[in-house]
There are 2 protein chains.
Amino acid sequence: MKITAKGEYGVRAMAMLARDYRAGPIPLREIAVREGISYQFLEQIFLPLRRAGLIASVRGAKGGYTLAHPPEKIRVGDIVRALEGPIAPVDCVAEGKNNSCRRKNICPTRGIWEKLRDTMSEVLDEITLADVATMAQKTSEEGS
Amino acid sequence: MKITAKGEYGVRAMAMLARDYRAGPIPLREIAVREGISYQFLEQIFLPLRRAGLIASVRGAKGGYTLAHPPEKIRVGDIVRALEGPIAPVDCVAEGKNNSCRRKNICPTRGIWEKLRDTMSEVLDEITLADVATMAQKTSEEGS
DNA sequence: GAAAACCCGACTAAACATATCGGGATTATT
DNA sequence: AATAATCCCGATATGTTTAGTCGGGTTTTC
């Protein structure tokens, strides 16, 4: 019932891009150092994020990555889906895979997983990167 | 973001025990056959369920398993926790592991996972085995 | 005492997660 | 034009987890 390191790192990295939005592209190496994540592993994470249209890249010297949209337009659910695939507690109720399970009509537990899937999606789609930035703000104030 | 086969099979098997509650102990072999699950794998699943006090076993010939409590007293969340451990999308916010993460106060993403964890717990704890039996009833009526 | 059933640790093959490696392509700066 | 910074990306390696098997034990009924 866990997301992978890719998902976790991806959300953290995107949160950083959100914080520094409009500051020009940030090189991946810097993100890796600041978050304490392997540079080469982060590369693997940013590839699908770019292909999903969540980030934009600038190649060459002085290049790096920026959010492809303002933070309030990017939902945590988008990031998780790009890195982990469709949200689903069990395969047979995966988002976008409707009606494929042949036991659909006789499976007594299907309803559980559908409800769980929908709730998980809702939570992750309700939270945008702008919200994450705000939450971080609040947390560090409390923390001091 | 998926539960394992143990969790899925466990919930299915418990749903069957709920349906046949008060019919005397059901042998594991029968459950395995009826659900199409390997008998030896099911054994591995029923051990933690018993240790968690969710099922009662009767040894010897004519033995088998029954729910340890009425279906309406057993929550799907109990089953999942017994088989998968604490509910948590990431380790650092695992149920029962409060305050252990040292980045707790500076982590901008912690709030996401806490909210997701709480919502997942709520959903799974809201559904009892009695509800699952009812849902199955409804589903098969629609299906025909 | 034989058969039915639970009990339970140890093992294994395959899949998955978490990286690392090696090099190529693009662009800013000098 | 050369250099350095940076993204691009397939292949490989390593470790862990999952899903399932094996082999034997214990308890109880008939």
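Lettering follows sequence order; numbering is per chain, from 1. This structure is a prediction, so every number in the text was calculated from the model and none was measured.
At dT17(D), none of the side-chain N or O atoms of Thr4(B) fall inside 4.0 Å of OP1 or OP2 (strictly under the cut-off). Distances shorter than 4.0 Å separate some side-chain N or O of Ser57(B) from OP1 or OP2 on dC7(C). Distances shorter than 4.0 Å separate none of the side-chain N or O atoms of Arg29(B) from OP1 or OP2 on dC6(C). In terms of phosphate contacts, Arg50(B) brings a side-chain nitrogen or oxygen within less than 4.0 Å of OP1 or OP2 of dC8(C). Between Ser38(B) and dT21(D) there is a side-chain polar atom (N or O) within less than 4.0 angstrom of OP1 or OP2.
Closest contact between the side chain of Pro27(B) and the listed nucleotides dT20(C), dA5(C), dA4(C) involves dA5(C). Taking the side chain of Leu47(B) as heavy atoms from C-beta on, and the options dA5(D), dT18(C), dC8(C), the nearest nucleotide is dC8(C). For Phe41(B), counting side-chain heavy atoms from C-beta on, the closest listed nucleotide (dC30(D), dC8(C), dT21(D)) is dT21(D). Nearest to the side-chain atoms of Ala61(B) among the listed nucleotides dA3(C), dC6(C), dA19(D) stands dA3(C).
Using a 4.0 Å heavy-atom cutoff across all strands shown, Phe46(B) reaches no nucleic acid atom at all. Tyr39(A) comes within contact range of at least one nucleobase, with a heavy-atom separation under 4.0 Å.
Between Asp125(B) and Arg81(B), at least one side-chain nitrogen of the basic residue sits less than 4.0 Å from a carboxylate oxygen of the acidic one, meeting the salt-bridge criterion. Between Asp20(A) and Arg34(A), at least one side-chain nitrogen of the basic residue sits less than 4.0 Å from a carboxylate oxygen of the acidic one, meeting the salt-bridge criterion.
Distance Leu42(A) CG to dC9(D) C1': 15 Å, rounded to the nearest Å. To the nearest angstrom, P of dG24(D) lies 13 Å from CD of Gln40(B). For the pair Glu8(B) CD and dG20(D) P, the interatomic distance rounds to 10 Å; values are reported in whole Å. As rounded to whole Å, 13 Å separates atom P of dA17(C) from atom NZ of Lys2(A). Nucleotide dG20(D) holds its C1' atom 16 Å from the CG atom of Leu83(B), rounded to whole Å. The nearest whole Å value for the distance from the CD1 atom in Ile55(A) to the P atom in dT6(D) is 16 Å. The separation between Met1(B) atom CE and dA17(C) atom C1' is 16 Å, rounded to whole Å. Distance Ile45(B) CD1 to dC7(C) C1': 15 Å, rounded to the nearest Å.
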Assess whether side-chain contact (heavy atoms from CB on, under 4.5 Å) is satisfied between Thr66(A) and Val58(A), documenting all intermediate values.
CA-CA 8 Å; Thr66(A) 55; Val58(A) 179; 5.6 Å; no
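Between the side chain of Gln44(B) and the base of dC8(C), no donor-acceptor pair under 3.5 Å is found. No hydrogens or angles were tested; on distance alone, nothing pairs the side chain of Arg59(B) with the base of dA5(C) as donor and acceptor under 3.5 Å. For Glu43(B) against dC6(C), no side-chain N or O and base N or O form a donor-acceptor pair under 3.5 Å.
In the hydrophobic clustering of this structure, Met16(B) does not group with Leu47(B); members are Ile, Leu, Val, Met, Phe, Trp, Tyr whose side-chain heavy atoms approach within less than 4.5 Å, directly or through other members. Under a hydrophobic-cluster definition in which Ile, Leu, Val, Met, Phe, Trp and Tyr are linked whenever side-chain heavy atoms come within less than 4.5 Å, directly or via other members, Tyr21(A) and Leu28(A) are assigned to the same cluster.
Looking at Ser121(A) and Asp118(A), their side chains never bring a donor and an acceptor atom within 3.5 Å of each other.
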